[in-house]
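All values derive from a computational prediction rather than experimental measurement. In what follows, chains are A, B, ... by sequence order, proteins preceding strands, each numbered from 1.
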Amino acid sequence: MKINIKRGEVLCYEIQAKNQTLLEVLNEIKTTQDSSLAYSSGCRSGVCGSCAMRVNGREILACSYHVQDGDLVEPLNNAPVIRDLVVDMDKAYGFNAKAKAYLSADIDNILITHEEQKINELQSDCILCGSCYSACPVYAVNSEFLGPFALTRVWRYVSDKREQNPKEKIDNIQTNGVWDCTLCNACTLVCPQGISSKADIEKLRARSALVGYMDPNFASFGFSGGFDGSPIF
Amino acid sequence: MKSVIVIGAGGAGLVAALSAYENGAKVTVITKEYPTRSQTSMAQGGINAVLSEEGGDSIEIHIQNTLKSASALADEQVVSFMCKEAPNAIRWLDSIGVPFSRNDKSKIAQRKLGGAYAPRACYAQDYTGLKILHTLYDRCQEAGIEILNERYLLEFITNKDNNNKSFVCGVSVLNKRSGEVEAYEAKSVIVATGGYSRVYHDYSTNSVSTTGDGIALAHRAGVRLSDMEFIQFHPTALKNSSILISESARGAGGYLLNSKGERFINELLPRDEVARAIYDEMAKGYDIFLDIRHLGTEFIENELPQEAKLAKLYENVDPSVELIPIKPAAHYTMGGIEVDKNSSTCINGLFAVGECANHRVHGANRLGGNSLLELVVFGKQAGENAAKYICDFDKKVDLSAQKKSFEDQIIKIKEFSNEINFYEKQRELGELFYKNLGIKREKSAMQALLNEVKEMKAVLPKMGVSDKTKEYNTNLIEFLEFKNILDLSELVLISAISRQESRGAHFRVDFPSADDKKFKAHTIIEERMVSYED
């Protein structure tokens, strides 16, 4: 079987593989054919988020994808390629801090019901693999967009009963945040954990509306005349 | 000069960093990958704490369960401290937002793990480690703690004070991206680099990064190690890939079967006993399977979704109708850097915490649910003590010489002849370790393996790297990891050969019972020599 790996230029490797994961195949190439091949991996079981890359244009985890003859393997999009399949995730991860994706203050002994726990159970399954970040088309026009995983993380804390100042979190995601998303759903389709950042962004929009924010795109179509994007109370 | 440097961004490293920060220190975390990608993310089961005595559980019973599992090799005082601190540890994790699963009273839910008297492990579905780790990371973002990603540890740099006592004064690292050696001066360094299960290579459940770098390098810097021969094997890893199938599959009623379809052991006995029973069946030539078919499709989908997914992906079986082929695999290393009751090593200013450290709480066999607990309790302690230590630090440091020496060493390694493919040797070493230093051990086989390891070390200059590139050279990083693995292999072997008894995870076919008179003591390694201490 042949697979093609984009390493600057596309190189073709002949491999013996049946029912193997892409990560196993990469390991085989690295240890027996070409040890200069660069990629990242860790847990091999889909929880560490190290081995996200693209196959035939779609984001996958190499440890969770079975190789097919003729596959084209490429690094993630929207992040600078360091070498071969390795990209620099520093800027992407930096959006977590910019989005203030954390509990704003310590809080003791809050009771949380099953239902309250379920609100962000799925969102806290995120492994920060960066697949959604790579698939998101908004970065083509706005490189400062907080982006899918960071906004999902904001929802994870905004919806947490322990968060004492959710409004501050909502205030913080009005610029380069929830309204910049086009709701195209590309992030949802590639998430290995089944998280829908698009849905989380919609929930954050609803929360934003509750505290008086409006969709600036909608507003600029003349609905509220001189609306300048600042909150309406 | 940096104040406190933490090496490693897993659970232990991030707790230590937060704790040092909260105690007033300026902290820098250095990791060879990114935070959230560490071994901690793989912990599924839970974190032990007695939160209420309603069900008959008590802190005293938690202490006793831990000591029993440790086979008389844990320090009662330290275990007692850890178990008493456990409820505070959970309270803190809850207060920073860890999304623990909840019970019907809206409190943190707990489940029973092997060796525990009562449901005591707090959990977050199947993702306990992942959710704790990510919440710690978020907390570090809130605190604005500096994290330097993708830097591989090369050395702990030490110096001698006026009383001829060693103190740490910095670290040198290889920046993976630029390929440059960087030296960071620091008043204090906390080692939180994880265990060494990848000595077993393909026969380990662990992340490929669990190569024991911090332990090997700390020993090179003069730090004492202890109890290195105690390595926990998990009974149920997938046969081909060694990927972990959680204990919850057996906890829920899964069976272990041999190729004749017969059960051969009570599946809920402690891990070491179950692993030995599987080993014996495999020695008879049987394949071993985990059978969860009778639990029903719905139960498997709801309660064991990760397990079902991994079995399908790696073994191509559907566990609701087929058997899952398994084998035991190296899972957790109890030994490591010897620390005192303050999490301090024998080098001033150098602290250690997490799986790389030996706080003497796991002894010869770790109790499930105690490793996440350990990293929170002692991570806090290490951070506090590092912050305290730096207040009195008044020494001047210049690391330019060390930096140069490491640059030269990297250049030299790149000139190694590369006649022998080290990846092959690494695979071979893992297999030999599994066979001869695995679940059952015997002197002559271990001695032969020790000779093999020494031989591999001797031919290292004939190995080396074929990739001479400077930027992001993972071939080079993996070779440096292999060097550390070889170093640790030797230390594990001399410890295991020397301990002529069976205790916990260390089972000697030639000495099948415990010998309390001679060996109810900790194995200490100092300058590659073995001795025993109470």
Side-chain angles (χ1 to χ4, degrees), chain A residues 19 21 24 27 30-32 34-50 63-66 82-84 86 88-90 93-94 96-97 100-114 116-117 120-121 123-128 153 156-157 160 162-163, chain B residues 33-39 41-42 91-92 94-97 99-107 124-125 127 129-131 134-135 137-139 141-142 144 149 176-177 206-209 241-244 306 309-310 313-314 316 421 423-424 426-427 465-467 469 471-475 478:
Chain A
N19 202 34
T21 63
E24 288 173 310
N27 289 338
K30 172 114 187 149
T31 57
T32 63
D34 184 350
S35 52
S36 70
L37 178 65
Y39 56 94
S40 299
S41 76
C43 72
R44 306 161 295 136
S45 50
V47 290
C48 79
S50 302
C63 71
S64 311
Y65 172 80
H66 278 152
I82 298 175
R83 189 177 173 191
D84 299 343
V86 181
D88 183 342
M89 293 298 287
D90 284 356
Y93 284 2
N96 286 321
K100 299 194 175 178
Y102 40 74
L103 211 60
S104 46
D106 291 5
I107 183 92
D108 270 340
N109 288 324
I110 297 268
L111 294 176
I112 295 177
T113 64
H114 285 301
E116 287 161 346
Q117 174 208 327
N120 55 27
E121 186 175 293
Q123 287 80 357
S124 58
D125 287 350
C126 173
I127 58 174
L128 287 181
R153 234 170 165 79
R156 176 245 177 283
Y157 285 104
D160 196 305
R162 286 167 289 193
E163 176 54 53
Chain B
E33 5 186 45
Y34 290 87
T36 74
R37 291 187 176 180
S38 76
Q39 180 67 35
S41 70
M42 295 170 72
R91 217 167 290 139
W92 179 69
D94 185 35
S95 78
I96 64 170
F100 284 116
S101 294
R102 300 282 159 164
N103 62 23
D104 293 336
K105 292 177 182 160
S106 305
K107 292 185 172 166
Q125 304 87 46
Y127 285 128
L130 177 86
K131 295 193 179 191
H134 279 246
T135 308
Y137 166 71
D138 295 341
R139 191 69 185 165
Q141 299 295 303
E142 192 268 341
N149 296 322
K176 285 163 78 172
R177 295 174 188 168
N206 283 195
S207 158
V208 295
S209 294
S241 57
S242 295
I243 283 170
L244 182 71
Q306 276 203 77
K309 188 174 102 181
L310 293 168
L313 190 66
Y314 279 96
N316 202 24
N421 180 347
Y423 291 115
E424 261 169 45
Q426 189 168 15
R427 205 171 287 165
V465 296
S466 67
D467 184 3
T469 315
E471 290 83 16
Y472 221 89
N473 187 336
T474 51
N475 190 206
E478 284 160 6

Taking [options] one by one, which has the highest count of heavy-atom pairs under 4.5 Å against chain A?
| options | value |
| --- | --- |
| K176(B), R177(B), K107(B) | R177(B) |
| L244(B), T474(B), V465(B) | T474(B) |
| N421(B), N473(B), N103(B) | N103(B) |

May I ask you to name which of L128(A), I127(A), D125(A) has the most heavy-atom pairs under 4.5 Å with chain B? D125(A)
Heavy-atom pair count under 4.5 Å with chain B, highest-scoring of S104(A), A38(A), C48(A):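 Maximum pair count with chain B is reached by C48(A).
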Could you verify whether a donor N or O on one side chain and an acceptor N or O on the other, from [X] and [Y], lie under 3.5 Å apart?
| X | Y | answer |
| --- | --- | --- |
| E33(B) | S50(A) | no |
| Y472(B) | D467(B) | no |
| Q141(B) | Y93(A) | no |

Under 3.5 Å, is there a donor-acceptor pair between the side chain of Q117(A) and the main chain of S101(B)?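 Flag not set: sc Q117(A) to bb S101(B) has no pair under 3.5 Å.
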Quick check: does any side chain N or O of R83(A) sit under 3.5 Å from a backbone N or O of S36(A), one acting as donor and the other as acceptor?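 Yes, R83(A) side chain to S36(A) backbone: donor-acceptor pair under 3.5 Å.
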Where does [X] contact chain B at under 4.5 Å (heavy atoms): side chain, backbone, both or neither?
| X | answer |
| --- | --- |
| D84(A) | neither |
| E116(A) | neither |
| C126(A) | backbone |
| D160(A) | side chain |

Report the C-alpha separation of T31(A) and R427(B) in whole Å, then their side-chain angles, then the decisive distance to 0.1 Å, and conclude whether the side-chain hydrogen bond (donor to acceptor under 3.5 Å, both in side chains) test is met. CA-CA 10 Å; T31(A) 57; R427(B) 205 171 287 165; 3.0 Å; yes
